[in-house]
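Report on one structure; see the data block that follows.
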Amino acid sequence: QVQLVESGGGLVQAGGSLRLSCAASGSIFSINAMGWYRQAPGKQRELVAAITHGGSTNYADAVKGRFTISRDNAKNTVYLQMNSLKPEDTAVYYCNVDVFDGLGPSPVRYWGQGTQVTVSS
């Protein structure tokens, strides 16, 4: 009943930028935390960045100073601005959203379908 639609991935040269978006829709009362994870070939999925409803943020050390997470609460959308991209950033990026749907006391975590980010040397 909740859908997440990701967009913004693609192929970019090292040093370039991309902006990922993830919009949530459906049976949503409110959204708690939102975040981005990534999974590179042969690697485990890792947290990239997270943001609370109040705007507090957390970043993986590898992306600090280069990536910025933000959210538009009115649009139920989370963004990831990625600057100074490196080949090591190549991965499938997944957004996650913790949703209060009014059916239970705890939020339910939903995942986007993933979007490929490829950074060439």
Side-chain angles (χ1 to χ4, degrees):
Q1 63 271 40
V2 175
Q3 302 178 55
L4 304 182
V5 179
E6 298 184 28
S7 63
L11 174 64
V12 66
Q13 294 181 338
S17 298
L18 287 172
R19 188 185 190 223
L20 306 183
S21 299
C22 177
S25 62
S27 182
I28 299 172
F29 179 76
S30 65
I31 294 177
N32 189 8
M34 310 180 82
W36 291 93
Y37 288 74
R38 68 185 181 187
Q39 186 167 19
K43 303 290 186 179
Q44 298 294 312
R45 186 161 64 180
E46 63 178 352
L47 175 69
V48 177
I51 186 168
T52 68
H53 183 76
S56 297
T57 58
N58 184 43
Y59 296 93
D61 288 341
V63 306
K64 287 181 179 177
R66 300 188 297 118
F67 291 10
T68 302
I69 188 170
S70 61
R71 63 189 290 174
D72 185 332
N73 290 336
K75 296 181 178 179
N76 290 329
T77 299
V78 62
Y79 306 93
L80 185 67
Q81 178 66 46
M82 304 184 293
N83 298 326
S84 301
L85 282 162
K86 304 175 181 179
E88 305 90 86
D89 296 317
T90 295
V92 177
Y93 285 70
Y94 300 89
C95 70
N96 75 275
V97 179
D98 294 336
V99 176
F100 289 96
D101 58 9
L103 301 179
S106 300
V108 177
R109 174 162 288 189
Y110 291 88
W111 293 90
Q113 79 280 3
T115 184
Q116 177 70 47
V117 172
T118 302
V119 184
S120 62
S121 300

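Hydrogens, waters and symmetry mates play no part in the numbers below; they use all other heavy atoms, side chains included. Each residue takes its place number in the sequence, starting with 1.
Sparse packing is recorded around CD of Gln3, with 12 or fewer heavy atoms of other residues, nucleotides or ligands lying under 6.0 Å away.
For the pair Glu46/Arg38, a side-chain contact is recorded, criterion being any heavy-atom separation below 4.5 Å from C-beta on. Inter-residue side-chain proximity for Asn73 and Ile31 is flagged as unmet; no heavy-atom pair is nearer than 4.5 Å. Side-chain atoms of Val78 and Ile51, non-hydrogen and from C-beta on, do get closer than 4.5 Å to each other. The shortest distance between side-chain heavy atoms of Val99 and Pro107 does not fall below 4.5 Å. Using a 4.5 Å heavy-atom threshold, the side chains of Val48 and Leu80 count as touching. With contacts defined as side-chain heavy-atom distances shorter than 4.5 Å, the pair Asn58/Leu47 qualifies. Contact annotation: the side chain of Cys95 never approaches that of Met34 to less than 4.5 Å [non-hydrogen atoms, C-beta and beyond].
What you find for Cys22 and Leu4 is that their closest heavy atoms are SG-CB, 4.0 Å. The minimum heavy-atom distance between Ala14 and Pro87, with the atom names listed, is CB-CD, 4.2 Å. Considering all non-hydrogen atoms of both residues, Gln81 and Ser17 come closest at NE2-CB, 4.0 Å. Nearest heavy-atom pair across Arg66 and Leu85 is NH1-CA, 3.9 Å.
A cation-pi arrangement is absent between Arg71 and Trp36 under the rule of less than 6.0 angstrom and at most 45 degrees off the ring axis. Remark: Arg45 is positioned above the aromatic ring of Tyr94, its terminal NZ or CZ atom under 6.0 angstrom from the ring centre and at most 45 degrees off the axis.
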> side-chain hydrogen bond (donor to acceptor under 3.5 Å, both in side chains) between Glu88 and Thr90: does it pass, once the steps are laid out?
Replying inline: CA-CA 5 Å; Glu88 305 90 86; Thr90 295; over 6 Å; no
> Could you walk me through whether Asp101 and Ser27 pass the side-chain hydrogen bond (donor to acceptor under 3.5 Å, both in side chains) check?
Replying inline: CA-CA 6 Å; Asp101 58 9; Ser27 182; 5.6 Å; no
>> Would Val117 and Leu20 count as a side chain to side chain contact (heavy atoms under 4.5 Å, CB included) here? Give the steps.
In response: CA-CA 9 Å; Val117 172; Leu20 306 183; 4.1 Å; yes
> Given Gln1 and Tyr110, is the side chain to side chain contact (heavy atoms under 4.5 Å, CB included) satisfied, shown in steps?
Replying inline: CA-CA 10 Å; Gln1 63 271 40; Tyr110 291 88; 3.8 Å; yes
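With rounding to the nearest 0.5 Å, the separation of OH in Tyr79 from CZ in Arg19 is 5.5 Å.
Lys86 has no carboxylate O lying under 4.0 Å from a charged side-chain N of Asp89, or vice versa, which leaves the two without a salt bridge.
Below 30°, between 30° and 60°, or above 60°: for Phe67 and Tyr93 the angle between ring planes is between 30° and 60°, a tilted geometry.
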